[in-house]
Amino acid sequence: MRTSSRMDNAKKWLGLSFCFMMNLITTVLSGTSRSPSKGQGQNLSDNLLLHQRMKRSWVWNQFFVLEEYTGTDPLYVGKLHSDMDRGDGSIKYILSGEGAGIVFTIDDTTGDIHAIQRLDREERSQYTLRAQALDRRTGRPMEPESEFIIKIQDINDNEPKFLDGPYVASVPEMSPVGTSVIQVTATDADDPTYGNSARVVYSVLQGQPYFSVDSKTGLIRTALMNMDREAKEYYEVIIQAKDMGGQLGGLAGTTTVNISLSDVNDNPPRFPQKHYQMSVLESAPVSSTVGHVLAKDLDEGINAEMKYSFVDGDGLDVFDITTDLNYQAGIISVRKPLSFETKKSYTLKVEGANPHLEMRFLNLGPFRDTTTVHISVEDVDEPPVFEPSFYFVEVPEDVDIGTTIQMINAKDPDAINNSIRYSIDRSSDPGRFFYVDIITGALMTARPLDREDISWHNISVLGVELNNPSQVGNVSVTIRVLDVNDNIPEFPRFYEAFVCENAKVGQLIQTVSAVDQDDPQEGQHFYYSLAPETANNPNFTLRDNQDNTAWILTKRSGFRQHEQNTFYLPILIADNGRPVLSSTGTVTIHVCSCDEKGLVMSCNAEAYILPVSLSRGALIAILACIFTFLITITYKIFLVDLHRKQPYMLDEEENIHENIVRYDDEGGGEEDTEAFDISALWNPREAQAFMKNRQDMMPEIESLSRYVPQACTVDSSVHSYVLAKLYEADMDLWAPPFDSLQTYMFEGNGSVAESLSSLQSVTTDSEQSYDYLTDWGPRFRKLAEMYGATEGSGTLW
């Protein structure tokens with residue numbers, strides 16, 4: 001092809017040269033035949049030059065050169081020639097423009113153009129150059145500069161390439177055959193307009209029979225039915241692109257397409273076991289976790305999401321089930337408090353279902369499954385439970401010490417049903433106003449109550465299991481102290497009034513009111529009157545306004561400072577309580593000088609004092625009493641200080657009524673009964689009868705027996721007796737510091753407790769009689785048990 005092109009160019013060059021020569025000869029001959037003169041010869045020469053400038057005599061066609069030439073000699077491209085070139089070397093050819101002198105060279109004599117470098121059409125497909133023909137001797141242009149193009153002719157030297165590879169694609173599992181997956185594209189750098197170098201054909205090298213590719217477009221489609229993600233999820237497909245239309249000898253390129261099957265909900269959930277066994281402590285708090293169940297689903301993501309629920313069972317209202325979204329597990333938790341004693345086990349039917357369903361897979365069956373859960377409730381040692389769980393008590397403030405105000409009741413909820421011991425949390429009763437019986441739970445007063453001081457008490461009563469002290473329950477007891485009329489009404493301040501000398505009869509000089517710390521339900525109402533000793537007061541009168549106030553009015557006129565400048569008016573104030581309480585308050589009234597408008601100008605503040613005369617003997621007697629009183633006080637302080645400094649030594653001949661009792665020996669018989677006054681341990685009714693016959697009883701015990709209220713003695717309980725004595729000792733500021741108080745728990749009549757003493761181990765045929773111990777043995781034994789003592793444990797304080 002290139003040879004034929006060169007021959008065509010040569011023919012054209014010859015044709016143009018021949019025409020040029022013929023025109024030149026014709027011009028010369030016409031000029032000669034005319035025999036021109038000298039001027040004519042000059043015109044001929046000028047005409048010749050004019051014709052030379054006017055014509056365009058460059059002769060060439062478009063040049064072509066093959067790329068990727070690998071020869072050793074320069075590659076011939078073409079020839080530049082001017083028809084003015086006679087072949088004598090007078091014409092010099094010059095090449096300029098793109099690649100001139102670097103890529104292309106020209107023989108300046110012959111005009112032959114050669115490529116001196118290897119050309120690549122994919123880098124540059126053509127070059128634009130300019131040609132020039134000069135007179136070698138003068139350098140004058142023989143031809144005008146002209147532009148020509150050299151095109152690089154393509155060869156198949158580039159394979160197809162996938163510029164976007166490797167590819168990643170996804171297609172839903174179970175997709176029908178022919179479902180589009182992804183389209184791949186390969187590009188060929190060769191010239192698509194020349195031959196088949198850039199015509200690409202696609203094929204599958206790896207990935208059959210699962211996928212296919214369109215040979216022309218590169219579109220990949222599924223080729224197999226029912227591809228299951230759970231069986232195989234990832235596929236590596238290799239696609240080939242070959243040029244030359246796929247013919248033999250074409251170049252090829254490949255790419256990888258990683259195809260994954262996306263999940264669809266085509267698998268129902270399944271429990272791995274049909275029965276679950278769980279256990280929970282009965283003390284488990286509400287919302288605590290019991291266990292979990294898990295239904296497995298081969299799907300993933302949203303298609304594997306689960307929803308658990310109870311569909312049947314006997315614990316639907318006792319337990320809850322929720323779904324853990326992170327692990328898709330069913331968490332069973334406690335909904336209500338459990339009790340081993342009430343119900344020991346529960347059976348529940350749990351369902352796990354997919355909330356998101358694929359309509360086209362519903363024919364695979366129900367997307368849910370069920371399992372059975374058995375929950376056993378385990379017994380624990382629970383603390384005592386109080387019934388009710390809260391106590392509200394109202395008690396009058398004048399209640400006697402030791403009065404039972406409420407029975408506190410607690411029980412062990414366990415099947416063992418341990419005995420309960422009661423006590424008061426002292427942090428809730430820092431003033432120790434109350435006491436609770438350790439066995440019966442009887443809540444009693446231990447100190448006088450005063451509503452005006454503390455009107456509400458909130459205490460906490462503790463219940464402790466006897467066999468397991470670590471199990472402690474508590475209950476709140478709110479005690480409202482009810483008001484009784486135990487405070488007298490009185491004036492809130494000192495009243496001092498003024499009366500003018502020119503005051504008229506019935507003039508108001510002062511309004512008085514009273515206060516009372518009591519708070520009766522019907523409200524306070526005060527009654528005012530003059531004290532009986534001044535009921536017929538000639539100077540002033542009192543008017544009760546029936547609104548808790550009273551007016552002091554003048555009863556006469558004509559008051560004179562020089563006669564009497566101060567009056568004291570006692571007023572009786574009574575309340576409306578039951579019983580009625582009253583007090584007397586005195587109002588001081590000064591007589592003052594006033595102007596005509598009643599404004600005070602001056603008052604004499606000296607009080608009116610009745611003259612009193614005392615004889616010398618009376619004054620001496622008063623001073624003697626004061627001196628005797630001081631001596632007594634001084635001696636008393638000295639004795640107290642002496643007792644504190646002396647060691648605690650007991651005189652053998654001294655009759656000791658409060659001492660240390662030891663019970664770690666069998667005793668000395670009836671001699672022991674003379675060493676200790678045991679009347680305080682008896683039933684209070686018996687104690688009172690016994691104390692009447694005792695001549696050596698201490699005065700404080702005798703007075704204390706009178707202090708015990710009659711209501712307490714009827715209950716056959718020594719609690720009030722002990723509490724009264726404790727309070728009396730606390731209130732006695734002159735009690736010696738070495739005194740002590742023994743508190744013993746009294747069982748009451750009819751106790752069935754056995755004796756703590758080892759005397760009962762004596763054989764029945766012993767000659768010694770212990771009948772006198774049969775009454776006190778059980779009492780000491782019960783007392784020792786309550787204080788945690790055993791036989792021979794030592795001293796009981």
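These values consider heavy atoms only, across backbone and side chains, with no hydrogens, waters or symmetry-generated copies.
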Between P383 and P413, the two heavy atoms sitting closest are O-CD, 3.3 Å
Got D414 and E465 here, is their nearest side-chain heavy-atom distance under 4.5 Å? yes
- Mark yes or no for whether D320, through its side chain, and S333, through its backbone, hold a donor-acceptor pair below 3.5 Å. no
So OG of S283 and CG of D379: to nearest 0.5 Å the spacing works out to 9.5 Å
Rounded to the nearest 0.5 Å, the CD1 atom of I405 sits from the CD1 atom of I479 at a distance of 4.0 Å
Salt bridge (Lys or Arg N to Asp or Glu O under 4.0 Å) pairs touching residues 475-486, sequence neighbours excluded, are E394-R480, R451-D483
Between L449 and F434, is a side-chain contact (heavy atoms from CB on, under 4.5 Å) present by the stated rule, with each step listed?
CA-CA 10 Å; L449 303 178; F434 302 96; 4.1 Å; yes
task: Could you walk me through whether F433 and I401 pass the side-chain contact (heavy atoms from CB on, under 4.5 Å) test, one step at a time?
output: CA-CA 9 Å; F433 287 95; I401 295 176; over 6 Å; no
Would you mind reporting whether L348 and L316 have side-chain heavy atoms less than 4.5 Å apart? yes
By salt bridge (Lys or Arg N to Asp or Glu O under 4.0 Å), D317 pairs with (sequence neighbours left out) K336
Distance col, row N467:CG vs I420:CD1, nearest 0.5 angstrom, shows 9.5 Å
Rounding to 0.5 Å, atoms CD (Q510) and CG (L542) come to a distance of 11.0 Å
F629, CZ: over 12 other non-hydrogen atoms inside 6.0 angstrom: no
Worked check of side-chain contact (heavy atoms from CB on, under 4.5 Å) between F494 and T588 = CA-CA 8 Å; F494 173 71; T588 302; 3.3 Å; yes
Residues at least two apart in sequence or cross-chain that pass ring-ring contact (aromatic ring centres under 6.0 Å, His included) with F491, listed by chain then number, are Y495
Smallest heavy-atom separation, P384 atom then A410 atom, equals CB-CB, 4.3 Å
Tightest non-hydrogen contact, residues S376 and Q277, listed as OG-NE2, 3.2 Å
(message) Could you check whether any side-chain N or O of N576 sits under 3.5 Å from a backbone N or O of G523, counting only pairs where one atom can act as donor and the other as acceptor?
(response) yes
Closest heavy-atom pair, V475 versus S389, reported as atoms and distance to 0.1 Å, is CG2-O, 3.3 Å
side-chain contact (heavy atoms from CB on, under 4.5 Å) filter on I488, not counting sequence neighbours, yields L581, S583
(Q) With a 3.5 Å distance limit and no angle check, can you tell me whether D412 reaches the backbone of N418 through a side-chain donor-acceptor pair? (A) yes
| query | Counting only N and O atoms by type, is there a donor-acceptor contact under 3.5 Å from the side chain of S309 to the main-chain atoms of I321? | reply | no
The reported gap from CD in Q517 to CD in E490 (rounded to nearest 0.5 angstrom) is 7.0 Å
Residues P285 and V334: closest non-hydrogen pair is O-CB, 3.7 Å
Residue pairs meeting salt bridge (Lys or Arg N to Asp or Glu O under 4.0 Å), one or both in residues 468-479, sequence neighbours left out, come to none
Contacts of F319 meeting ring-ring contact (aromatic ring centres under 6.0 Å, His included) (sequence neighbours excluded), chain-then-number -> Y346
Keeping the roles fixed (side chain from E282, backbone from F340), state whether a donor-acceptor pair exists under 3.5 Å.
yes
Check your understanding: Passes side-chain contact (heavy atoms from CB on, under 4.5 Å), V512 versus I573? Steps please.
Key -> CA-CA 10 Å; V512 295; I573 312 167; over 6 Å; no
Taken in chain and number order and not counting sequence neighbours, the residues that satisfy salt bridge (Lys or Arg N to Asp or Glu O under 4.0 Å) with K349 are none
(Q) Just so I know, are the side chains of K343 and V377 near enough to count as touching, which here means a heavy-atom distance under 4.5 Å? (A) no
Residues passing the salt bridge (Lys or Arg N to Asp or Glu O under 4.0 Å) test with R426, sequence neighbours excluded, are D429
Tightest non-hydrogen contact, residues D314 and T347, listed as OD1-N, 2.8 Å
Are I589 and I552 close enough that some pair of their side-chain heavy atoms sits under 4.5 Å apart? yes
**Request:** Determine whether F386 and N409 make a side-chain contact, defined as any pair of heavy atoms from C-beta on separated by less than 4.5 Å.
**Result:** no
Hits for ring-ring contact (aromatic ring centres under 6.0 Å, His included) against Y527, two or more places apart or cross-chain, chain-then-number order -> H525
Between the main-chain N or O of D518 and the side-chain N or O of D516, is there a donor-acceptor pair closer than 3.5 Å?
-> yes
List, one per line, each side-chain donor-acceptor pair under 3.5 Å for residues 452-462, sequence neighbours excluded.
residue	atom	partner	partner atom	Å
E452	OE1	N487	ND2	3.1
E452	OE2	N487	ND2	3.4
N458	OD1	T478	OG1	3.0

Separation between OG (S345) and NE2 (H374), nearest 0.5 Å, reads 9.5 Å
Worksheet item: Looking only at atom types and distance, does a side-chain atom of E397 sit under 3.5 Å from a main-chain N or O of V484, one as donor and one as acceptor?
Response: yes
Are more than 12 heavy atoms, taken from residues, nucleotides or ligands other than F392, located less than 6.0 Å from that residue's CZ atom? yes
Can you tell me if Y308 uses its side chain to pair, donor with acceptor, with the backbone of I332 under 3.5 Å?
no
Residues D575, N485; criterion side-chain hydrogen bond (donor to acceptor under 3.5 Å, both in side chains); working and verdict
CA-CA 9 Å; D575 60 17; N485 195 27; 3.0 Å; yes
Residue set satisfying side chain to side chain donor-acceptor pair (under 3.5 Å) with D425, at least two apart, ordered chain then number -> S427
Measure from the side-chain N and O atoms of N548 to the backbone N and O of F526, and report whether any donor-acceptor pair falls under 3.5 Å.
yes
Open item on the list: Side chains of T404 and M444, heavy atoms from C-beta outward: is any pair under 4.5 Å?
Closed with: yes
task: Answer yes or no: is there a donor N or O on one side and an acceptor on the other, between the side chain of Q471 and the main chain of D381, under 3.5 Å?
output: yes
T549 meets the side-chain contact (heavy atoms from CB on, under 4.5 Å) criterion, sequence neighbours left out, with T511, S513, N545, D547
